[in-house]
Amino acid sequence: MNERIKIAIQKSGRLTEHSTTLLQKCGLIISHTKDQLIGYGENMPFDIMFVRDDDIPGLIQENLCEIGIVGANVAIEKQLSYESSQLPSHFVLESSLDFGHCKLSFAYPETSSIRSVNDLEGKTIATSYPFTVKNYFAENQINANVTEFSGAVELAPSLGKAEVICDLVSSGNTLKAHNLVLGETILESVATVVKSNSNQSAFKKMWIDKIIERINGVLQVNESKYIMMHAPKDAINEITTLLPGTESPTVIPLDGITDTVAVHVVCKETVFWETLEELKEVGASSILVVPVEKMLM
Ligand code: PRT
Ligand code: ZN
């Protein structure tokens, strides 16, 4: 039987485009029409399931897929919900991605006297993340009531359903539009690769490891630059210290010159103009910074 690995991504929402692009950057060619719920990996044994983001951790839990891309907020909420029912969760958060940034934060009505978590004792909090919020209250020994809202949480105070909300925030515009003041953040979230930790066949395990290695490679490449320069031989140590995230530089002799060499390094963090100016100060010249397309460490 031809085994295939299933990867679940969001069908339509904030994470969809980034998730698809990421898988394509990993070399996966997906054939899929807009109405199909499953895309076919043409060149690798992967099928892509297009589903609601909230369903992704449950699909892995039920062993219906092996990998998912979902906000850490959703994955952690699901793990805490299993924990509260004393069920083991069958997935782990594997790699944090570079999209879907948001935070889960309290927000207080402008007209209320509540201004911090210290004022929450006995109050009612509306949220779509009841387990994460209850977990925060338990850890911080706050006695408050949590009421679950599946959408439009920001309306709960004006509807008289809660005194405070705890919701996802990115720009903060939604809170402002509903006369809510941003409070403490209980979770910083980002899109995350979630992986099954159930036993897999050797074939599936090999391909799961391979796609995760490629995802990590794509993440590194997004920031990485290949830097070439001429430099005095005795400045190489200083140069390596100035460039963040570099490993041993490649040092190449220059024809007919004894005190200057060519230095090539892969820098895995953002290279700023200031860094190039500092390189010049320690004697580097002819500095070239070029993007890296693929990387396998
Ligand atoms: O249909 P499906 O269930 O798949 O989609 P969804 O509507 O549940 O999800 P979607 O696409 O809105 O969000 C998917 C994931 O994106 C979330 O689980 C987060 O991990 C991440 N993300 C990043 C956000 C936001 N930023 C965000 N701002 N998810 C939701 N919001 C909402 C927030 O709930 C609030 O209503 O946007 C509003 C606030 O935005 P600002 O910019 O006004 O602060
Ligand atoms: Zn959702």
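One-based numbering, in listed order, for ligands and for the atoms of each. Predicted, not measured: the structure shown is a model, and the values here were computed from it.
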Colleague: Report the nearest protein non-hydrogen atom to atom 28 (N) of ligand 1: residue, atom name, distance rounded to 0.1 Å.
Modeller: Ser170 OG, 2.9 Å
Colleague: Going by the order shown, which atoms of ligand 1 are within less than 4.0 Å of some heavy atom of Gly13?
Modeller: 11 (O)
Colleague: Determine whether the side chain, the backbone, both or neither of Leu15 has a heavy atom under 4.0 Å from any heavy atom of ligand 1.
Modeller: side chain
Colleague: Among the N, O or S atoms that Asp54 has, which is closest to the Zn ion (ligand 2)?
Modeller: OD1
Colleague: Write the atom name of the N, O or S atom in Asp53 that is nearest the Zn ion (ligand 2).
Modeller: OD1
Colleague: Judged by atom type as modelled, is there a donor-acceptor pair below 3.5 Å linking the side chain of Glu148 to the main-chain atoms of Ser128?
Modeller: no
Colleague: Short list, please: which atoms of ligand 1 are under 4.0 Å from a heavy atom of His101?
Modeller: 23 (C), 26 (N)
Colleague: Could you tell me the residue and atom name of the protein heavy atom closest to atom 14 (C) of ligand 1, and the distance to it rounded to 0.1 Å?
Modeller: Asp53 OD2, 3.4 Å
Colleague: Nearest heavy atom to atom 12 (O) of ligand 1 wins, so pick from Gln10, Lys103, Arg14.
Modeller: Arg14
Colleague: For Asp167, which part has a heavy atom under 4.0 Å from ligand 1: side chain, backbone, both, or neither?
Modeller: side chain
Colleague: Kindly identify the option in Asp54, Val51, Asn73 whose heavy atom sits closest to atom 19 (C) of ligand 1.
Modeller: Asn73
Colleague: Without swapping roles, check the side chain of Thr185 against the backbone of Leu187 for a donor-acceptor pair under 3.5 Å.
Modeller: no
Colleague: Salt-bridge test for Asp259 and Lys233: reply yes if a basic N is under 4.0 Å from a carboxylate O, no otherwise.
Modeller: no
Colleague: Give the numbers and elements of all ligand 1 atoms closer than 4.0 Å to a heavy atom of Val74.
Modeller: 18 (O)
Colleague: Could you tell me whether Gly172 and ligand 1 have an N or O pair separated by under 3.5 Å?
Modeller: yes
Colleague: How far apart are the C-alpha atoms of Asp35 and Thr33, what are their side-chain angles, what is the distance that settles it, and do they pass the side chain to side chain donor-acceptor pair (under 3.5 Å) test?
Modeller: CA-CA 6 Å; Asp35 302 324; Thr33 59; 5.8 Å; no
Colleague: Taking the ring of His90 and the ring of Tyr82, is the distance between their centroids below 6.0 Å?
Modeller: no
Colleague: Starting from atom 1 (O) of ligand 1, find the nearest protein heavy-atom neighbour and note its residue, name and distance.
Modeller: Arg52 NE, 3.5 Å
Colleague: Near Glu42 CD, under 6.0 Å, is it more than 12 heavy atoms from other residues, nucleotides or ligands?
Modeller: yes
Colleague: Take every heavy atom of Lys11, measure it against each atom of ligand 1, and state whether any distance is under 4.0 Å.
Modeller: no
Colleague: At what distance is the nearest protein heavy atom to atom 26 (N) of ligand 1, and which residue and atom is it?
Modeller: Cys102 CB, 3.4 Å
Colleague: Looking at Arg214 and Asp209, would you say the former's side chain and the latter's main chain have a donor-acceptor pair under 3.5 Å?
Modeller: no
Colleague: Parallel under 30°, tilted from 30 to 60°, perpendicular over 60°: which one fits the rings of Phe50 and His32?
Modeller: parallel
Colleague: State whether any protein heavy atom lies less than 4.0 Å from atom 34 (O) of ligand 1.
Modeller: yes
Colleague: Under a 4.0 angstrom heavy-atom cut-off, which atoms of ligand 1 come close to Asn173?
Modeller: 43 (O), 44 (O)
Colleague: For ligand 1, which atoms have a heavy atom of Val169 less than 4.0 angstrom away?
Modeller: 44 (O)
Colleague: Look only at the side chain of Gln10 and the backbone of Leu15, and say whether a donor-acceptor pair between them is shorter than 3.5 Å.
Modeller: yes
Colleague: Does Ser171 reach ligand 1 with a nitrogen or oxygen that is under 3.5 Å from one of the ligand's nitrogen or oxygen atoms?
Modeller: yes
Colleague: Could you check whether Glu66 pairs with Lys204 (Lys NZ or Arg NE/NH1/NH2 to Asp/Glu carboxylate O, under 4.0 Å)?
Modeller: yes
Colleague: Can you sort out which atoms of ligand 1 are near Thr174, meaning under 4.0 Å from one of its heavy atoms?
Modeller: 38 (C), 39 (C), 40 (O), 41 (P), 43 (O)
Colleague: By number and element, which atoms of ligand 1 are closer than 4.0 Å to a non-hydrogen atom of Gly71?
Modeller: 20 (O)
Colleague: Does the ring center of Phe137 lie less than 6.0 Å from the ring center of Phe106?
Modeller: yes
Colleague: Under 3.5 Å, is there a donor-acceptor pair between the side chain of Thr192 and the main chain of Val194?
Modeller: no
Colleague: Please check if the side chain of Asn135 supplies one atom and the backbone of Phe131 the other of a donor-acceptor pair under 3.5 Å.
Modeller: no
